[in-house]
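All remarks here apply to the structure that follows.
Quick caveat: nothing in here was measured; it's all calculated off a predicted structure. Residue numbering restarts at 1 for every chain, and letters A, B, ... go by the order of the sequence lines.
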Amino acid sequence: MDNNYALTESTYYIMLALYRPAHGYGIMQQVEEMSSGRVRLAPGTLYGALTSLTTKGWIQQLPMDPGSRKKEYKLTDKGLDILLKEIERLRELVRNGDNVIARALEGGEEK
Amino acid sequence: MRETMKVWKVFLVWNYDKEEAWLNEMAAQGWTLTAVGFCNYTFVKTEPGEYNIRMEMRPHDDGYLEFLRESGVEYVGRILQWHYYRKPAELGAFELYSDIDSRIAHLDRIGKMLFWIGMANLIIGVANSIGPSRLGWINILCATLLMYALGRIQGRKDELKKERQLFE
């Protein structure tokens, strides 16, 4: 079941940001930067996503540094596998989109 | 000591966005929420528009409040599970949710709470109506109101779910 659904945009970007360990606010900043300011994760959404991704075992919480109160997370092997499959799926979407549009343009089809 | 003001006001639970809009209007006028109580709000004098206000229903979780603090969100207080927050406007826009799924999940939490309080009132009301007490109707009235509220929340959830079929 894990592999048959598309990830939401938030989930995708959160997992991408966790390719390297990051804490909550760091994830928000990274995602905003990667998407040139288009995707702004709100804290309630992010917190909920981190909780469910941890439960699913796609990411894990790293041991906390003494003195630090910020929780850090990182992608698990299972999470990485799912992320790579998702990137492949997204490639297919873009490839098909490009193909259909390119063919239409070549044929002089009007839309 | 900065000037404060206490205001008594009643909002209905399914109109929580009106409550939030009112709190933001107050903040825009330079009265920022600093404490909450049952049907009363305490404001402190600030610069107009210095803060934005948000509220949400969720079980109390210190880890979450700490998480919010990282992005500059200040916790003002809560009434039962309704939490009130503010964020300095200079730190940017203040949203708690950024996708449809988490908005649906929030309405779900509100709906569940209304359902269980409504059920409890219904059971107490029915039990009291059968027994010697004559006050059972009060609970049944409460239950009716709560079920109405639940219906309103459900309606908002359905709208979002329709959106969700096409968008995130």
Side-chain angles (χ1 to χ4, degrees), chain A residues 5-18 21-56 58-73 86 89-90 93, chain B residues 16-17 20 24 51-76 78 81-89 91-110 112 157 160-161 163-168:
Chain A
Y5 290 114
L7 299 182
T8 66
E9 187 173 78
S10 311
T11 312
Y12 174 74
Y13 266 129
I14 292 166
M15 289 176 70
L16 204 55
L18 289 177
H23 56 83
Y25 189 55
I27 298 171
M28 287 182 186
Q29 285 175 315
Q30 259 193 83
V31 169
E32 190 172 340
E33 210 179 291
M34 276 195 276
S35 66
S36 312
R38 188 179 63 81
V39 180
R40 288 190 187 153
L41 293 173
T45 298
L46 177 55
Y47 193 79
L50 290 174
T51 310
S52 16
L53 287 171
T54 308
T55 312
K56 270 187 168 294
W58 294 3
I59 64 171
Q60 64 186 44
Q61 201 192 311
L62 298 176
M64 291 230 265
D65 283 335
S68 168
R69 288 197 291 185
K70 288 179 184 174
K71 284 183 192 163
E72 270 203 311
Y73 297 86
E86 178 65 6
R89 190 190 68 86
L90 291 170
L93 295 188
Chain B
Y16 70 91
D17 42 358
E20 197 179 73
N24 276 308
Y51 283 93
N52 291 311
I53 313 288
R54 289 276 170 223
M55 43 187 288
E56 88 177 310
M57 211 219 68
R58 62 153 62 234
H60 193 73
D61 173 357
D62 287 322
Y64 179 61
L65 296 185
E66 185 60 42
F67 188 84
L68 287 179
R69 217 166 289 142
E70 279 182 46
S71 55
V73 178
E74 299 166 19
Y75 168 60
V76 174
R78 67 175 160 137
Q81 293 199 346
W82 277 105
H83 290 66
Y84 295 75
Y85 316 101
R86 62 186 194 190
K87 182 178 165 183
L91 296 179
F94 182 17
E95 292 291 345
L96 289 169
Y97 303 115
S98 50
D99 62 15
I100 298 181
D101 287 329
S102 45
R103 287 193 181 96
I104 293 176
H106 182 224
L107 289 171
D108 235 9
R109 286 199 296 271
I110 300 174
K112 282 209 181 94
K157 222 169 74 180
L160 284 179
K161 280 192 173 155
E163 288 276 297
R164 184 66 181 87
Q165 289 175 349
L166 293 176
F167 306 106
E168 278 178 20

Kindly indicate, with the supporting measurements, whether the criterion side-chain contact (heavy atoms from CB on, under 4.5 Å) is fulfilled by R40(A) and S98(B).
CA-CA 7 Å; R40(A) 288 190 187 153; S98(B) 50; 6.0 Å; no
Look up atom OH in Y47(A) and atom CG in D61(B), then write down how far apart they are to the nearest 0.5 Å.
3.5 Å
Check: E9(A) main-chain N/O paired with E168(B) side-chain donor or acceptor under 3.5 Å
yes
Contact part of F67(B) toward chain A, heavy-atom cut-off under 4.5 Å: side chain, backbone, both or neither?
side chain
Gap separating the CD atom of E66(B) from the NZ atom of K71(A), nearest 0.5 angstrom
9.5 Å
For Q29(A), look at atom CD and say whether over 12 heavy atoms of other residues, nucleotides or ligands are found less than 6.0 Å away.
yes
What part of R54(B) lies closer than 4.5 angstrom to a heavy atom of chain A: side chain, backbone, both or neither?
neither
Counting only heavy atoms closer than 4.5 Å, note whether E95(B) contacts chain A via side chain, backbone, both or neither.
both
To the nearest 0.5 Å, tell me how far L46(A) CG sits from E70(B) CD.
9.0 Å
Using every non-hydrogen atom in the two residues, find where T45(A) and S102(B) come nearest and quote the distance to one decimal.
OG1-OG, 2.6 Å
So which of A49(A), P43(A), G48(A) has the biggest tally of heavy-atom pairs under 4.5 Å with chain B?
P43(A)
In this structure, CZ of F167(B) is separated from OG1 of T8(A) (nearest 0.5 Å) by 15.5 Å
